[in-house]
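Contents: one structure, followed by commentary.
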Amino acid sequence: MSHLTRRTMMKAGAALGLTGLCAPMFTPAFAHRLTIPKVGLQLYTVRDLMAQDVAGTLQQVAALGYQEVEFAGYFGHSAQDIRHMLDQTGLSSPSVHVELEDLQGDLDLLIEQATTIGQKYIVMSWLRPEQRQTLDQFKSYATLFNKVGERFRAAGLQLAYHNHAFEFEPLDGEMPYDLLLRDCPADLMQMELDLYWIYQAGQDPFDYFARHPGRFPLCHVKDRAADGSITEVGQGAIDFGRIFAAQELAGLKHFYVEHDEPENALLSITTSMKTMKQWRA
C-alpha cells in the first residue's frame, strides 16, 4: 500500500463525503473508479422460483448477465448438485447465507458444503426478534462468532455478518453493530453491508468505511424509494456510484443485487441489471 500524507487522505475523504475523517486505505484515483468486478445476485430475491426449479432459475439468472450468486438455502440439493448446476451456467458462488442455528450446529457440514461449492464466505444472515432483545445476547453472539470464525479460518473460509436495521438500534446505550465490529476481530468476522438497511437505519456507510477500512468485502445492492420501501437498483435515491467509488477503502469485492419482497422477481432482477451494467467492468 502506498504511503499517503494526512492532507492527501483528508482531501480524498472529503471527495467521498468523509469530512473530518482520515481514510488510510483511500487514494484519490479511487474516486474515479466506477466499475465493479462482477455483478452478483442474492438468490433470496428469486426464492419462489428456486423452490420450483433451482437449475432453471440459475440458468435464467446467468442469461440476464449475472456472474455471481449468493445462496440462501439449497432447496434439498446436495452441495455436489449445486456445484454441477453452477458449472453448467458459468456462475460462481462466493458466499452463502446461514442462520444462527447453523452456526450453533454442524460446522463440519457448513465447511464441507462451502468447500465443495467453491464458496469463501459463510454469512450470518439475520436474527429473529426474540434473538435480539438485549445487548447481552449480542455479546454472547460475538463470543460464538469468534469461535466459529476460528474454525472457518482454519478451513480456509471466512465468517461474515449481514446487517439489517435493528443492529443500529441502541441497546443499553450501545449499537449492537458497533459491538460486533469491536468484539469480533476482522480476521475472524468480516461484514456484508446491506446498503438499503444501513440507510434505512439512518446511518452513513462512509463513516463505517473510514472507521473500519477493508472490513466490508461483500454488500447487498438494493435501492430505497422515497417512501422508505425497497425498490430496484436505479429506481430510488441511493448513490451507488459514490459507494462503488469507495470500494478499495471499504474492501468491497462482491456486489449482490437484492430485493426482499419483489412483486415479480424476474422483472425485478432484470430492471436492476439494466442499471448495474453501467458499473460492470
Side-chain angles (χ1 to χ4, degrees), residues 36-99 101-103 105-126 148 151-152 155-162 190 192 194 217-222 232-233 252-277 279-281:
I36 61 177
K38 293 181 180 180
V39 179
L41 177 69
Q42 165 48 260
L43 292 169
Y44 183 75
T45 310
V46 291
R47 59 192 178 278
D48 292 341
L49 298 174
M50 291 281 285
Q52 299 171 24
D53 182 1
V54 172
T57 302
L58 292 176
Q59 290 172 355
Q60 289 177 298
V61 167
L64 288 172
Y66 290 94
Q67 298 154 288
E68 298 181 335
V69 291
E70 181 175 61
F71 279 88
Y74 299 125
F75 299 89
H77 291 277
S78 69
Q80 291 82 359
D81 288 342
I82 295 295
R83 180 58 184 265
H84 177 71
M85 294 176 194
L86 293 172
D87 290 343
Q88 290 295 306
T89 61
L91 292 166
S92 63
S93 177
S95 55
V96 59
H97 270 204
V98 299
E99 297 189 9
E101 290 78 8
D102 298 308
L103 298 183
D106 189 348
L107 297 184
D108 289 336
L109 175 61
L110 295 182
I111 291 169
E112 180 184 359
Q113 289 175 328
T115 301
T116 298
I117 294 169
Q119 294 158 338
K120 177 180 178 180
Y121 301 93
I122 298 178
V123 185
M124 171 64 204
S125 59
W126 85 304
V148 172
R151 285 284 307 277
F152 287 172
L157 303 172
Q158 175 71 64
L159 176 67
Y161 184 94
H162 165 261
Q190 297 277 43
E192 178 175 60
D194 191 299
L218 315 122
C219 70
H220 280 183
V221 184
K222 55 189 176 192
E232 283 69 35
V233 180
L252 287 168
K253 300 175 183 177
H254 304 284
F255 304 78
Y256 296 115
V257 167
E258 186 184 33
H259 193 308
D260 293 6
E261 300 290 342
E263 290 186 13
N264 181 314
L266 277 181
L267 179 59
S268 176
I269 66 175
T270 300
T271 300
S272 290
M273 175 54 82
K274 289 178 181 177
T275 301
M276 294 295 290
K277 283 181 178 179
W279 294 302
R280 187 169 56 188

- Message: Which residues pass the ring-ring contact (aromatic ring centres under 6.0 Å, His included) test with His254, not counting sequence neighbours?
- Response: Tyr121

- Heavy atoms only: give me the nearest Pro37-Lys253 pair and the separation to one decimal. CG-O, 3.6 Å

- Task: Looking only at non-hydrogen atoms, find the nearest pair between Ser272 and Val233 and report the distance.
- Result: OG-N, 3.1 Å

- Mind checking whether Tyr256 and His220 have parallel, tilted or perpendicular rings, split at 30° and 60°? perpendicular

- Answer yes or no: is there a donor N or O on one side and an acceptor on the other, between the side chain of Gln67 and the main chain of Val39, under 3.5 Å? yes

- Task: Walk me through it: do Glu70 and Glu258 pass the test side-chain contact (heavy atoms from CB on, under 4.5 Å)?
- Result: CA-CA 10 Å; Glu70 181 175 61; Glu258 186 184 33; over 6 Å; no

- Please step through side-chain contact (heavy atoms from CB on, under 4.5 Å) for the pair Leu252 and Ile36, ending with a clear verdict. CA-CA 9 Å; Leu252 287 168; Ile36 61 177; over 6 Å; no

- Query: Would a 4.5 Å heavy-atom cut-off, applied to side chains only, mark Val98 and Leu110 as touching?
  - Reply: yes

- Query: Considering only heavy atoms from C-beta outward, does the side chain of Val257 approach that of Met273 to under 4.5 Å?
  - Reply: no

- Task: Flag the pair Lys222 / Asp194 as yes when at least one side-chain heavy-atom distance between them is below 4.5 Å, and no otherwise.
- Result: yes

- Task: Using the side chain to side chain donor-acceptor pair (under 3.5 Å) rule, collect all pairs that involve residues 81-93, keeping only residues at least two apart or in two chains.
- Result: Ser78-Asp81, Arg83-Asp87, Ser93-Gln119

- Message: Which heavy atom of Leu157 sits nearest to which heavy atom of Thr115, and what is that distance?
- Response: CD1-OG1, 4.4 Å

- Do Phe255 and Lys38 have side-chain heavy atoms sitting under 4.5 Å apart? no

- Hey, does Asp108 have a side-chain heavy atom less than 4.5 Å from the side chain of Arg151? yes

- Query: So which heavy atom on Ser268 is nearest to which on Pro262, and how close?
  - Reply: CB-CB, 3.8 Å

- Note on the structure: In this structure, CD1 of Ile122 is separated from CD1 of Ile111 (nearest 0.5 Å) by 6.5 Å

- Message: Quick check: closest heavy atoms across Pro94 and Val69, and the distance to 0.1 Å?
- Response: CD-O, 3.7 Å

- Message: Check this for me: Glu263, atom CD, are more than 12 non-hydrogen atoms of other residues, nucleotides or ligands nearer than 6.0 Å?
- Response: no

- Determine the minimum heavy-atom distance between His162 and Ser125, stating which atoms define it. ND1-O, 2.9 Å

- Task: Kindly compute the distance separating NZ (Lys120) from CZ (Phe152), expressed to the nearest 0.5 Å.
- Result: 14.0 Å

- Return yes if some donor-acceptor pair links the side-chain N/O of Gln42 with the main-chain N/O of Tyr44 below 3.5 Å, else return no. yes

- Note on the structure: In this structure, OH of Tyr74 is separated from CD1 of Ile117 (nearest 0.5 Å) by 3.5 Å

- Query: Would a distance-only check, ignoring hydrogens and angles, find a side-chain to backbone donor-acceptor pair under 3.5 Å from Thr116 to Gln80?
  - Reply: no

- Message: Show me the pairs that pass side chain to side chain donor-acceptor pair (under 3.5 Å) and involve residues 45-66, at least two apart or across chains.
- Response: Arg47-Glu261

- Query: Does the pair Ile269 and His259 meet the rule for a side-chain contact (heavy atoms from CB on, under 4.5 Å), with working shown?
  - Reply: CA-CA 8 Å; Ile269 66 175; His259 193 308; over 6 Å; no

- Item | Verdict with supporting geometry, Val96 and Gln113, side-chain contact (heavy atoms from CB on, under 4.5 Å) | CA-CA 10 Å; Val96 59; Gln113 289 175 328; over 6 Å; no

- Can you tell me if Thr271 uses its side chain to pair, donor with acceptor, with the backbone of Leu267 under 3.5 Å? yes

